[in-house]
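Written out below as structure tokens is the structure these notes cover.
Every chain is numbered from 1 and lettered A, B, ... according to where its sequence line falls, protein lines coming before strand lines.
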There are 2 protein chains.
Amino acid sequence: MISIADQVFEELERDILSGVYERDEILTEMKLSEQLHVSRTPIREALRRLEQEHIIEPTSKGMKVVGINREDISDICEIRLRLEGLAARWAAERANEAGIRSLRETLDLQEFYTQKQDPDSIKNADSQFHQTIYALCGSHSMQDTLEPLHRKLLKYRRVSVSTQSRAQKSLDEHRAIYEAIAAHDGEKAEKLTIAHVQNARDSILKRVIMQ
Amino acid sequence: MISIADQVFEELERDILSGVYERDEILTEMKLSEQLHVSRTPIREALRRLEQEHIIEPTSKGMKVVGINREDISDICEIRLRLEGLAARWAAERANEAGIRSLRETLDLQEFYTQKQDPDSIKNADSQFHQTIYALCGSHSMQDTLEPLHRKLLKYRRVSVSTQSRAQKSLDEHRAIYEAIAAHDGEKAEKLTIAHVQNARDSILKRVIMQ
DNA sequence: GTTTGCTTTTATGCATACAAAAAACCGGGA
DNA sequence: TCCCGGTTTTTTGTATGCATAAAAGCAAAC
């Protein structure tokens with residue numbers, strides 16, 4: 001069962017990172033409590049988690065929306081560049097057949113939506129592919145590290161896959177990574193993933209500049 | 001002002017990672033509330049953070065202490081190996097004079113305690129050196145990523161620096177890293193830090209095996 | 001007109017009350 | 001003796017109350 005606090009967290013995180021709440025906007029427990037029709041307790045809990053992720057920060061008037069800026073994105077990409085390859089390697093070395101099958105399923109999903117050219121669903125499937133790798137890599141520390149970073153790129157990944165060429169390329173790269181993991185070829189999975197994250201970074205940063 | 005919830009979190013994290021609470025022990029909000037003489041609210045908040053770090057996990061009877069195992073340590077070292085160098089590089093490139101001075105101060109502290117051969121204080125100064133670099137690297141994402149990983153090694157770092165030779169070597173390595181950062185030589189800072197983390201890993205893992 | 005000091009408002013931190021879900025317990029019947 | 005039914009206990013999730021700290025507002029004095 002997913003608690004109200006979790007739901008509030010997910011909703012607020014999504015809305016902050018996607019721009020529903022804009023930078024410097026003040027969020028107070030009381031106001032959110034009224035808006036979302038829940039008591040302050042689960043709101044507090046959600047705000048605390050957002051504060052730990054540094055996408056809001058406390059002020060005397062309430063929590064100020066910070067979100068992420070261009071430097072954050074660049075830094076996050078740089079960090080992912082150093083870790084995602086290792087995560088894929090571990091997934092290749094450690095995942096069992098059931099895990100590989102579930103990775104396959106996210107790939108099929110992404111293929112389907114890429115053909116339908118549905119950017120929002122593509123973005124979700126794309127995310128799910130990466131998050132499944134985090135889950136399969138067999139390290140909570142790795143998963144805990146990469147997941148929040150990945151979520152922070154949400155909005156920009158959406159923009160990135162909204163061009164058909166990038167969406168298709170991303171799918172192809174995922175397919176190759178999947179094959180390497182399914183073959184338990186850690187070396188190859190790592191190399192392919194690094195190249196993939198590099199491409200994703202270039203695609204994201206190119207579009208961020210344009211804004 | 002540091003809140004009660006924060007204090008409870010720090011105390012519980014320390015006690016779990018240093019073995020005061022042992023693996024599989026059950027922690028309930030009510031019991032902790034009585035033991036620590038605070039209400040359930042700040043206890044809950046602390047437990048949530050510990051749960052997010054995966055050092056406790058929910059069961060129907062309460063939160064079960066998980067702590068970290070040998071594989072976790074190895075994985076964390078591997079992750080640090082890929083990130084700490086980058087953090088040092090960024091610190092070298094981005095830190096201002098005040099920041100470099102504060103790094104210098106932690107180094108002096110470590111030197112003092114190393115001469116006094118006080119393992120617990122050495123460990124703290126050693127930690128502080130790394131955490132200062134995280135703070136100076138100018139990236140919240142990097143800081144948020146490395147700090148929890150670093151804290152998880154607490155107990156093992158303590159063991160590691162309790163031999164005088166390792167303590168001295170660590171100090172020398174820190175000094176070299178400091179010089180590189182102070183000279184804004186990112187390349188060198190990164191290279192030296194990677195070597196340092198490698199040594200720290202070897203030192204930690206050697207002792208973990210012996211347990 | 002400005003400043004100082006008091007009052008009011010606002011927002012959070014902690015305590016506590018209540019409800020629901022799940023596990024443990026217990027007693028009677030086969 | 002073992003199992004099955006309902007009851008009690010345990011534990012958490014959420015709501016709410018209360019205290020405190022800080023900011024804003026306000027009025028009187030200079």
How do Ser60(A) and Ala5(A) order along DNA chain D: which one's closest nucleotide is nearer the 5' end? Ala5(A)
Comparing Thr41(B) with Glu29(B), nearest DNA chain D nucleotide closer to 5' gives the residue Glu29(B)
Measure from the side-chain heavy atoms of Ser3(A) and tell me the nearest of dA15(C), dG13(C), dT14(D). dT14(D)
Using atom CG of Leu27(A) as one end and atom C1' of dT12(C) as the other, report the distance to the nearest whole Å. 14 Å
Between Met30(A) and His37(B), who's closer to the 5' end of DNA chain C by nearest nucleotide? Met30(A)
Give a yes/no answer on whether the side chain of Arg44(B) brings an N or O atom under 4.0 Å of OP1 or OP2 in dG13(D). yes
Closer than 4.0 Å, any side-chain N/O of Ser39(B) to the OP1 or OP2 of dA15(C)? yes
Distance in angstrom units between Glu51(A) CD and dT12(C) C1', rounded: 12 Å
When rounded to whole Å, the CD1 to C1' distance for the pair Ile4(B) and dA19(D) reads 12 Å
Treating Ser102(A) as the side-chain partner and Gly99(A) as the backbone partner, does any N or O pair qualify as donor plus acceptor under 3.5 Å? yes
Could you label the plane-to-plane angle of the His150(B) and His130(B) rings as parallel, tilted or perpendicular, counting under 30° as parallel and over 60° as perpendicular? tilted
Closest to side chain of Lys61(A), choosing from dA24(D), dT12(C), dC18(C): dA24(D)
